[in-house]
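Structure provided below as structure tokens; questions to follow.
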Amino acid sequence: MQLRIAGFEPESIVDGPGYRFALFTQGCPHGCPGCHNPQTHDMDGGQIVQTEEIIEKLGKDPLVRGVTFSGGEPMMQPEALIEIAEAAKKKGMNIWCYTGFTLEALLKENRADRMRLLKMLDVLVDGPFVQAERSLELLYCGSRNQRLIDVPKTLEAGSVVLYEPPVW
């Protein structure tokens, strides 16, 4: 299956806990002022890759334990990301996803493909980047309105449960 990407980072340490494979999708409808990745907004930009190309890269480095979908807007290409998430889960990796949508908007929309991807995630970092709420003190997000949501616990509880990082 094809996926339009801006690029990837095989050993990211800033897109979630530990070493992660960060995949930056191409195309974003939000256009948040001050976005960290404005080059990913163009829906026709980036490059087309096959999901198999990305899947082959997963699990090569035993120190990389997770995958992060970022963007652009990952929720614009859920089917391709579902394929990658399934492969990552089979390799024992956890899945994080950054989205400019709120969890509530995704649930209300109830689109089958987005819901299927959502159910595969361990953590969803939701909400648009808001320049006025920007903070360099936040863990894994850029503005105070964004939340780190523990997706399995949230779906089980029926209300938002925030991700709690492990205490070392």
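Just so we're clear, the structure is a prediction, and the values are computed from it rather than from any experiment.
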Decide if atom OH of Tyr19 counts as having more than 12 heavy atoms of other residues, nucleotides or ligands within a radius under 6.0 Å.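 No, because the 6.0 Å sphere around OH of Tyr19 holds 12 heavy atoms or fewer from other groups.
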What's the spacing between Met75 CE and Leu124 CG if we round to 0.5 Å?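 That separation rounds to 5.5 Å.
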Taking atom CD of Glu52 and atom CD of Gln2, what is their separation to the nearest 0.5 Å?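 Glu52 atom CD to Gln2 atom CD measures 10.0 Å (nearest 0.5 Å).
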Would you say Lys60 and Pro10 make side-chain contact, with heavy atoms under 4.5 Å?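 In short, these two side chains do not touch, never coming nearer than 4.5 Å.
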Could you tell me whether Lys119 atom NZ has more than 12 heavy atoms of other residues or ligands within 6.0 Å of it?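 Open: at most 12 neighbouring heavy atoms sit under 6.0 Å from NZ of Lys119.
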Where do Thr25 and Pro74 come nearest, in terms of heavy atoms and distance?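 Looks like OG1-N, 3.4 Å.
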Check Glu104 with Arg147, please: is the shortest side-chain N to carboxylate O separation under 4.0 Å?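 Between Glu104 and Arg147 there is a salt bridge, with a charged N closer than 4.0 Å to a carboxylate O.
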Determine, stepwise, if the pair Met43 / Met76 fulfils side chain to side chain contact (heavy atoms under 4.5 Å, CB included). CA-CA 10 Å; Met43 296 290 192; Met76 300 303 290; 4.0 Å; yes
Non-hydrogen atoms of Val123 and Val151 that approach each other most closely: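 For Val123 and Val151, the tightest heavy-atom pair comes out as C-CG2, 4.0 Å.
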Please find the pair of heavy atoms, one from Ile82 and one from Asp113, that lie closest to each other, and give the distance.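 Shortest heavy-atom contact: CD1-O, 3.5 Å.
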For the CZ atom on Arg134, are there more than 12 heavy atoms of other groups (residues, nucleotides or ligands in this structure) within a distance under 6.0 Å?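 No, because the 6.0 Å sphere around CZ of Arg134 holds 12 heavy atoms or fewer from other groups.
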Is there a path of hydrophobic side-chain contacts, each under 4.5 Å between heavy atoms, that joins Phe24 and Tyr140?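 No, separate clusters.
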Is it true that Leu81 and Val64 fall in one hydrophobic cluster, defined by side-chain heavy atoms closer than 4.5 Å?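 Per the 4.5 Å side-chain linkage, Leu81 and Val64 are co-clustered.
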Kindly say whether Val67 contributes a backbone atom to a donor-acceptor pair with the side chain of Arg20 at under 3.5 angstrom?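 Looks like yes, one N/O pair under 3.5 Å.
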Distance-minimising heavy-atom pair for Cys141 and Gln146: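 Looking at all heavy atoms of both residues, the closest pair is CB-OE1, 3.4 Å.
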Quick one: NE2 on His36 to OG on Ser70, what's the gap to the nearest 0.5 Å?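 These two atoms lie 8.5 Å from each other.
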Ring geometry between Phe21 and Phe8 (parallel below 30°, tilted from 30 to 60°, perpendicular above 60°):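 Because their plane-to-plane angle is under 30°, the rings of Phe8 and Phe21 count as parallel.
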Examine the side chains of Thr99 and Glu73 and answer whether a donor and an acceptor come within less than 3.5 Å of each other.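 Their side chains do contain a donor-acceptor pair, which is all the 3.5 Å distance test asks for.
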Does one hydrophobic cluster hold both Ile149 and Phe101, with members joined at side-chain heavy-atom distances below 4.5 Å?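 Ile149 and Phe101: one cluster.
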Which ILVMFWY residues are connected to Phe129, directly or by a chain of links, through side-chain heavy atoms under 4.5 Å apart?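 For Phe129, no cluster forms, as it stays isolated from other hydrophobic side chains.
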First locate atom CD of Glu79, then atom CE of Met1, and finally report the distance between them rounded to the nearest 0.5 Å.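 One gets 5.5 Å once the value is rounded to the nearest 0.5 Å.
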Is the backbone of Gly66 close enough, under 3.5 Å, to the side chain of Asn94 for a donor and an acceptor to pair up by distance?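 Such a contact is absent between Asn94 side chain and Gly66 backbone.
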Taking Trp96's backbone N and O only, do any of them form a donor-acceptor pair with Asp122's side chain (distance below 3.5 Å, no angle check)?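 Here the side-chain-to-backbone pair does not exist.
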Kindly work out whether a path of hydrophobic side-chain contacts (I/L/V/M/F/W/Y, heavy atoms less than 4.5 Å apart) joins Val49 to Ile84.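 Val49 and Ile84: one cluster.
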With a 3.5 Å distance limit and no angle check, can you tell me whether Thr68 reaches the backbone of Gly16 through a side-chain donor-acceptor pair?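 The answer is no, because no donor-acceptor pair under 3.5 Å joins these two groups.
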Are the side chain of Gln26 and the backbone N or O of Thr40 linked by a donor-acceptor pair below 3.5 Å?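 Judged by distance alone, yes, a pair lies under 3.5 Å.
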Shortest non-hydrogen contact between Met115 and Leu106, atoms and distance: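 Between these two residues, the closest heavy atoms are SD-O, 3.9 Å.
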Verify side chain to side chain contact (heavy atoms under 4.5 Å, CB included) between Asp61 and Glu11, making sure each step is shown before the conclusion. CA-CA 9 Å; Asp61 183 339; Glu11 295 177 343; 2.4 Å; yes
Distance-only criterion, 3.5 Å: show the donor-acceptor pairs between side-chain atoms of residues 152-166 and protein atoms not counting sequence neighbours.
{"residue": "Thr154", "atom": "OG1", "partner": "Asp150", "partner atom": "O", "Å": "2.8"}
{"residue": "Thr154", "atom": "OG1", "partner": "Val161", "partner atom": "N", "Å": "2.9"}
{"residue": "Thr154", "atom": "OG1", "partner": "Val161", "partner atom": "O", "Å": "3.3"}

Can Val14 be reached from Ile5 by stepping across I, L, V, M, F, W or Y side chains whose heavy atoms are under 4.5 Å apart?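 Same hydrophobic cluster.
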Sidechain-backbone polar pair: Gln77 side chain, Arg4 backbone, donor-acceptor under 3.5 Å: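 Indeed, once roles are kept as given, a pair shorter than 3.5 Å links the two residues.
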Check for a donor-acceptor pair, side chain of Asn145 on one end and backbone N or O of Pro128 on the other, with a separation under 3.5 Å.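 Present.
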Distance from Gln39 atom CD to Asn37 atom CG, nearest 0.5 Å?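 The distance works out to 5.0 Å.
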Should the heavy atoms of other residues, nucleotides or ligands under 6.0 Å from NZ of Lys90 be counted, would the total exceed 12?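 It does not: Lys90 NZ has 12 such atoms or fewer within range.
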Do you know which two heavy atoms are closest between Ile55 and Glu83, and how far apart they sit?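 Heavy atoms only, the tightest pair is CD1-O, 3.8 Å.
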Side-chain contact, heavy-atom cut-off 4.5 Å: Leu117 with Phe69?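 Side chain of Leu117 against side chain of Phe69, heavy atoms only: contact under 4.5 Å found.
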Leu107 and Leu118, any side-chain heavy atoms less than 4.5 Å apart: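 The answer is yes, as the side chains (C-beta and beyond) meet within the 4.5 Å cut-off.
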Ile95 side chain reached by Met120 side chain, heavy atoms, under 4.5 Å: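 When only atoms from C-beta onward are counted, Ile95 and Met120 do not touch, as no gap falls below 4.5 Å.
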For Ile13, look at atom CD1 and say whether over 12 heavy atoms of other residues, nucleotides or ligands are found less than 6.0 Å away.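 12 or below, so no.
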Name all residues meeting the salt bridge (charged side-chain N to carboxylate O under 4.0 Å, His left out) criterion together with Arg65; count only those two or more places apart in sequence or in a different chain, and write none if there are none.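 Not a single residue meets the salt bridge (charged side-chain N to carboxylate O under 4.0 Å, His left out) criterion with Arg65.
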